Visitor: 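Below are the structure tokens for one structure; questions will follow.
Since the structure is predicted, the reported quantities are computational estimates derived from the model, not experimental observations. Along the sequence shown, the residues carry numbers beginning at 1. Hydrogens, waters and symmetry mates play no part in the numbers below; they use all other heavy atoms, side chains included.
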Amino acid sequence: MTTDSFDYDAALRACARGDQQALQMIYLQDGKRLLGVALRIVRERQLAEDVLHDAFVNIWRKAHTFDVNSGEGRGWVYSVVRYQALNVVRNRERETQVDEEALESMDAAQLDHLSDAFELKHDLGRLHDCLSALDLPRRNSLLYAYVDGCSHREIAERLNSPVGTVKAWIRRGLTALRECMG
């Protein structure tokens, strides 16, 4: 089937009705060219393949928004791929800029405070030892609060204890950890 004889508008209407075969037909018709569009924008094969996948998910989900009066179906499909690729490029540029800006904004004093992996492992070992020294209710209260992100009420339910008791366990557990980590 040539590009001229393929009815993109009908295929998009079929996608909007939930016809998966219509989406497959669009892919078979133009998948290679659409991959080329994505590849020219993102410049990495694997990333272009991801873009194409995400674009086809968007085509499937948003086919009902295609309006024949606003343009041709083929152009709409290509624009979905193009916008998906451009968004990926923009997002990658933002990530790079943020990382570089964060490093540049740190002065020497801040960099001196960064721990190396050995020191971090040592501190985590001490934390483990200090947590092990706590009684079970205090340790569990702290872990539920700071690892699982539970509220005092949720911790009380998990431990079948009054909320006030849980608050005291957390407060005393933190005090004991501070002293131990000293």
Side-chain angles (χ1 to χ4, degrees), residues 15 18 20 23-24 27 31 34-35 37-39 41-65 80-182:
C15 285
Q20 294 177 357
L23 185 68
Q24 183 179 9
Y27 181 81
L34 291 167
L35 180 62
V37 169
L39 188 56
I41 295 170
V42 299
R43 302 196 181 276
E44 290 179 32
R45 174 74 183 209
Q46 183 61 46
L47 195 53
E49 290 173 1
D50 292 344
V51 164
L52 189 61
H53 173 268
D54 293 346
F56 267 86
V57 169
N58 286 334
I59 290 167
W60 176 253
R61 289 184 181 158
K62 297 178 182 179
H64 68 280
T65 66
V80 170
V81 172
R82 183 175 173 274
Y83 287 123
Q84 184 70 36
L86 290 171
N87 284 337
V88 166
V89 170
R90 285 185 203 112
N91 289 339
R92 292 180 87 202
E93 286 175 358
R94 280 189 207 121
E95 289 173 8
T96 302
Q97 287 174 350
V98 169
D99 290 344
E100 289 172 2
E101 289 171 5
L103 286 175
E104 289 173 6
S105 68
M106 292 181 127
D107 60 16
Q110 289 174 311
L111 290 173
D112 288 341
H113 287 92
L114 294 177
S115 300
D116 67 20
F118 177 78
E119 290 174 11
L120 180 60
K121 179 135 177 82
H122 175 72
D123 287 343
L124 289 177
R126 282 187 26 215
L127 177 60
H128 180 269
D129 293 343
C130 292
L131 280 170
S132 297
L134 294 175
D135 61 21
L136 191 60
R138 287 183 190 175
R139 180 173 55 240
N140 285 344
S141 295
L142 287 172
L143 292 174
Y144 289 147
Y146 293 100
V147 175
D148 293 347
C150 295
S151 67
H152 290 128
R153 184 178 317 284
E154 291 169 330
I155 297 168
E157 290 172 7
R158 286 184 179 189
L159 297 177
N160 197 22
S161 300
V163 174
T165 302
V166 167
K167 288 180 180 180
W169 285 338
I170 291 172
R171 187 175 50 253
R172 291 180 188 140
L174 286 173
T175 301
L177 280 179
R178 281 188 205 105
E179 289 173 6
C180 181
M181 295 290 289

Visitor: What heavy-atom pair brings A156 and V163 nearest, and what distance separates the two atoms?
Guide: CB-CG2, 3.9 Å

Visitor: Nearest 0.5 Å, what's the OG1-NE2 distance between T165 and H152?
Guide: 12.0 Å

Visitor: Could you state the interatomic distance from SG (C130) to CG (L177), rounded to the nearest 0.5 Å?
Guide: 6.0 Å

Visitor: Minimum heavy-atom separation for L134 to A176, with atom names?
Guide: CD2-CB, 3.5 Å

Visitor: To the nearest 0.5 Å, what is the distance between NE2 on H64 and SG on C15?
Guide: 12.5 Å

Visitor: Looking only at heavy atoms, which two atoms of I170 and A145 are closest? And how far apart?
Guide: CD1-CB, 4.1 Å

Visitor: What are the two closest heavy atoms between V89 and V42, and how far apart are they?
Guide: CG2-CG1, 3.8 Å

Visitor: Going by heavy atoms in the side chains, are V166 and Y144 under 4.5 Å from each other?
Guide: no

Visitor: Could you list all the side-chain hydrogen bond (donor to acceptor under 3.5 Å, both in side chains) pairs where at least one residue sits in residues 47-63, not counting sequence neighbours?
Guide: R45-E49, Q46-D50, N58-Q84

Visitor: Identify the heavy atoms of G31 and L52 that sit nearest to each other, and give their distance.
Guide: O-CD2, 3.8 Å

Visitor: Write out all pairs satisfying side-chain hydrogen bond (donor to acceptor under 3.5 Å, both in side chains) with one or both partners inside residues 169-182, taking only residues at least two apart or from two chains.
Guide: none

Visitor: If I compare all heavy atoms of A38 with all of V51, which pair ends up nearest, and what's the gap?
Guide: CB-CG1, 3.8 Å

Visitor: Rounded to the nearest 0.5 Å, how far does CG of N160 lie from CD1 of I155?
Guide: 14.0 Å

Visitor: What pairs with R43 under salt bridge (Lys or Arg N to Asp or Glu O under 4.0 Å), at least two apart in sequence or on another chain?
Guide: none

Visitor: Nearest 0.5 Å, please: how far is OG in S141 from CZ in R158?
Guide: 11.0 Å

